[in-house]
Amino acid sequence: MVTFNSHVKVEEAIKDWNQNMHTRLNEYLDFQDDKTEQDKLSDAVIINSPHIQSDITQAQCKETAVRIIQDHVQVIVQNNEIKETRLLGKPGSKHSIMIRLHSYDKRKDLIKSAITMKNGVYINECLTRKRQNLLFRLRKLKQENKIHQCFTRDGKILLSHQSLTRMFLRKGCLLVASCNSKVILQNAAFSTSYKASKSYQLVVVGGGAGGCTMAAKFSSKLGKGKVAVIEPADMHYYQPMWTLVGGGMKKLEDSGKPMSKVLPKKADWIKQCVVSFDPKNNKVMTDDGQEVSYEYLVIALGLQLNYNQIKGLPDAFSTPGVCSNYSPLYVKNTLKSLENFSEGNAVFTFPATPVKCAGAPQKVMYISDEYFRKHGKRDKANIIYNTSLPVIFGVKKYADALWEVVKERNIKVNLRQNLIEVKPDSKEAVFQNLDKPEELTIYQYEMLHVTPPMSTPDVLRNCGLLVDATGFLNVNKETLQHTCFPNIFGIGDCTNVPTSKTAAAIAGQCGVLRKNLSLAMAGKLPASLYDGYTSCPLVTGYSKCIMAEFDMNGNPLETFPINQAKERRLMFHLKKDMMPHMYWIGLLNGYWEGPKYLRKLMHLGLK
Ligand code: FAD
Ligand code: UQ1
C-alpha cells in the first residue's frame, strides 16, 4: 500500500476518488504555501543525464547543461537565455542540474524534446518537495498499472485512469460525470484537464514523410482550417540522407528543415504529442490536455527506435567506435569511427524486429569498406555483418547480387545473430544466436554500427483497438483503411502493410490513400489498391548503387528497362542527387506518387 502522508492512502484514494480525497490532498499540500513555493519554481527545469560527470563543479554546470541539451536533446540554448544554473546532489554522487530559463516556450521545448528523443536524458519540471513526493507515488502506481498515466504541466500534476469516471470540480466538490477520467491536481485542487476541444474534418497524426504528404494533399483540396497535423518535432528530417551523412558524403544539417517550413500552410499545426486515441469517439488527446476531434484520421506515426533494449545503450554512443546511422544524435559518430579506425573488427548489426529501410544496416558497411580501402586500412579491418535475419536481403534477386558483393569484398556475414549487449569498457559486443538462444558470442570491436530494435510508438502500440498482435496499425494492406474503423487510415512505417518500410513505399501508398480517403469522404467504398511497391537504393560504396524495387510479395518491380540488381553509378546519382529533391519538393508537397507511370512508360506499358 502506498501512502503519501500519515493518513492518506493514494492507492485507495485513486480507487474511490471522492470528495474526501480532494479535501485530504488539499490538506496534504497545505494549499496556499505549496502554491506560492511552486510559483517560484515556474521557470526552472531539472536535467538528469548519464552525461553529467560525478566530479563536475558548480562552475562547469552551465556549460555542461548547454552541451547535453544541444547534443542529446537537439535544442540550442544560448547563454543569454539562461537565468541561472545550479548543481544538485552530493559531491561524488549522481548529479542533476537545475536550469532557470527566461523563455517559457524554450522550457516547454526542452521537456518535450527530451521525451521525444528517449535517449536517457530526462528533463522535468521543477516541483516542490511535496509535489515531487506525490508524483513519485503516482508513478509507482503507474508502474503497477493502477493508473493509466501521470505527468506534470506548469507545476500541475495530471493523471488519468481509463476505468475511472471523469470528475469535475464545481464549487469545491467532485461530481462524477462521464467515462474516461483525466483530472488535474492544480494548486492542490482538482479540475478537468482537457482544454476546449478542437475539431477538424481530417486530423493527421505525425508530420513525417507520410503525414506531411497526406496533409499537403488534403489541405489543398479541403481548404484552410479543415486539416490539422499533430506533430511535436521542431525539425523534419529526410532520413534516407543519413546513410550518406554517415559516410561523409552529406552533412547532417543538409538532411533537416524546420517543421514549420515543411508542413502545409493551409493545415493547422498542433505542435504536441498525441498521448492517447479514442477511436470510438473520434478523438485524440495531446500531451497539453487538448482533445482533438476528427471526422477522418490518418495515422502516420513512423517507428520508435528502442536503443535502450540493448544493454549498455544508448550510453555507449558516447564512447569511441559506437555509431548508428538511424538517429540524428548518433549518425555523426559513424564518420568519426571511420576516421579513427586503426585496426580490428568493424561490426554491423541488424536487429530482431521490423526496421525501416532494411537495406540501410548494410549500406553503411559497404561505404565503410570503401572508406577503409581509400584510406589504406582495409587490410587491417575485419568487416563482419551480424544479422538477426536468416537471409542477407528479403528479395532473392537482390540477395543473390549482395552475396556476390560481400564475397568479392571479403565481408563475413553471420545469420541469426542478434546484438543484446554493448560493453564499451572492454569494447565488446554480445550477440545471441536466435536459433540456439543459450549460445552467446562476444565480438571485440573497433567500430560497431548499431541498427536498433524498432516498434511502433508506445502511444499506438498501447491502443489495443487500433493495432494487431504485433503492435502495428491494423489496416487493409491494399486499401490502407483501418480494419475496424472505416474513418481511420494509415500510411508508412507504423502500419502492418507487409512491405519493406521506406519513403519510396510511402510514395507508392500516398496516391492510393488520396483516392480512398476522398471516396470515404464522399460516402463511397475505397476502390484504389496498393500493390506493395517499395524501393531500397542499396548504396554499395561512394559511387555505386543497386536500385532494388519490389512489391509486397518480394517480386521485383523495376522502373528502368535495365537489370537493377547490378551496381551502377547512375543509380547512385539518382539516390544522392535526385532523390532529395523528389522528396522535399515532390513527395512532401503532395505531387510525387511513386514511379508507377514512369515504369509503364519505360516498359512501353507492359509492366
Ligand atoms: P516518419 O517519417 O519517421 O515520421 C513519423 C512522425 O511521427 C515523426 O515526425 C514523429 O515526430 C511523429 N511522431 C512520433 N510520435 C508521435 C506522437 N506521439 N504524436 C505525434 N507525432 C508523433 N527510405 C527510402 O525510401 N529510401 C532510402 O534510401 C531510405 N534510407 C533510409 C536510411 C536510414 C538510415 C533511415 C533511418 C531511413 C531510411 N528510409 C529510406 C526510410 C524512410 O526514412 C522511412 O520509411 C520514412 O521516413 C517513414 O515515414 P513515416 O511517415 O512512416 O515516419
Ligand atoms: C522514391 O520514390 C522515393 O521517395 C521519394 C525514395 O525515397 C527517398 C526512394 O529512395 C526511391 C528509390 C524512390 C523510387 C523512385 C525511383 C525513380 C526509382
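Indexing begins at 1, ligand by ligand and atom by atom, following the structure's order.
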- Query: Would you say Glu231 has any N or O atom under 3.5 Å from an N or O of ligand 1, going by distance alone?
  - Reply: yes
- Do any nitrogen or oxygen atoms of Ile491 lie less than 3.5 angstrom from nitrogen or oxygen atoms of ligand 1? no
- Message: Tell me the protein heavy atom at minimum distance from atom 24 (C) of ligand 1, and give that distance in Å.
- Response: Ala503 N, 3.4 Å
- Item | Distance from atom 2 (O) of ligand 1 to nearest protein heavy atom, with residue and atom | Ala209 N, 3.1 Å
- Can you name the ring pair (Phe, Tyr, Trp, His ring centres under 6.0 Å) partners of Tyr200, sequence neighbours left out? none
- Query: When you look for heavy atoms under 4.0 Å from ligand 1, do you find them on the side chain of Gln304, its backbone, both, or neither?
  - Reply: neither
- Message: With heavy-atom distances below 4.0 Å as the criterion, list the atoms of ligand 1 near Pro537.
- Response: 26 (N), 27 (C), 28 (O)
- Task: Starting from atom 27 (C) of ligand 1, locate the nearest protein heavy atom and write down its residue, its atom name and how far away it is, to 0.1 Å.
- Result: Pro240 CB, 3.5 Å
- Below 4.0 Å from any atom of ligand 1, is there a heavy atom belonging to Met579? no
- Task: Return a yes/no value for Ile506: is any of its N or O atoms, backbone included, closer than 3.5 angstrom to an N or O of ligand 1?
- Result: no
- Message: To the closest 0.5 Å, what do you measure between OG (Ser255) and OH (Tyr583)?
- Response: 10.0 Å
- Message: Which residue and atom name correspond to the protein heavy atom nearest atom 21 (N) of ligand 1, and how close is it?
- Response: Pro232 CD, 3.3 Å
- Does ligand 1 have a heavy atom under 4.0 Å from the side chain of Leu303, from its backbone, from both, or from neither? neither
- ligand 1 N/O within reach of Cys357 N/O, cut-off under 3.5 Å: no
- Give, for atom CG of Asp577 and atom CE of Met582, the distance between the pair rounded to the nearest 0.5 Å. 12.5 Å
- Please report which non-hydrogen protein atom sits nearest to atom 36 (C) of ligand 1, along with the residue it belongs to and the distance in Å to one decimal place. Tyr326 CD2, 3.4 Å
- Here the gap from Asp288 atom CG to Lys112 atom NZ, rounded to the nearest 0.5 Å, amounts to 6.5 Å
- Looking at ligand 1, does any of its N/O atoms fall within less than 3.5 Å of an N/O of Val274? yes
- side chain to side chain contact (heavy atoms under 4.5 Å, CB included) assessment of Tyr366 paired with Leu538: CA-CA 9 Å; Tyr366 303 127; Leu538 293 156; 5.9 Å; no
- Message: If you measure every N or O of Lys363 against every N or O of ligand 1, does any of those distances drop under 3.5 Å?
- Response: yes
- Item | Polar contact flag for Asp493 and ligand 1 (N/O pairs, less than 3.5 Å) | yes
- Can a donor-acceptor pair be found between the side chains of Ser324 and Tyr307 at a distance below 3.5 Å? yes
- Query: Given His236, Met235, Met214, Gln239, which has its nearest heavy atom closest to atom 35 (C) of ligand 1?
  - Reply: Gln239
- Answer yes or no for Lys575: is there a heavy-atom contact with ligand 1 below 4.0 Å? yes
- Note on the structure: His72 meets the ring pair (Phe, Tyr, Trp, His ring centres under 6.0 Å) criterion, sequence neighbours left out, with His51
- Answer side chain, backbone, both or neither: which part of Leu301 comes under 4.0 Å from ligand 1, heavy atoms only. both
- Message: Quiz question: by atom type and distance under 3.5 Å, do the side chains of Gln272 and Gln290 form a donor-acceptor pair?
- Response: no
- Query: Looking only at distance, does Cys494 have an N or O less than 3.5 Å from an N or O of ligand 1?
  - Reply: no
- Query: With sequence neighbours left out, which residue pairs that include part of residues 242-287 fulfil the ring-ring contact (aromatic ring centres under 6.0 Å, His included) condition?
  - Reply: Tyr237-Trp242
- Message: Tell me whether Glu549 is salt-bridged to Arg599, with the criterion being a basic N under 4.0 Å from an acidic carboxylate O.
- Response: no
- Can Asp109 and Lys106 be counted as an ion pair, charged N to O under 4.0 angstrom? no
- Flag the pair Lys515 and Glu593 as a salt bridge only when some basic side-chain nitrogen lies within less than 4.0 angstrom of an acidic carboxylate oxygen. no
- Query: Would you say the side-chain atoms of Thr334 and Asn325 include a donor-acceptor pair closer than 3.5 Å?
  - Reply: yes
Nitrogen or oxygen contacts under 3.5 Å, ligand 2 side and protein side:
| unit_1 | atom_1 | unit_2 | atom_2 | d |
| --- | --- | --- | --- | --- |
| ligand 2 | 2 (O) | Trp592 | NE1 | 2.8 |

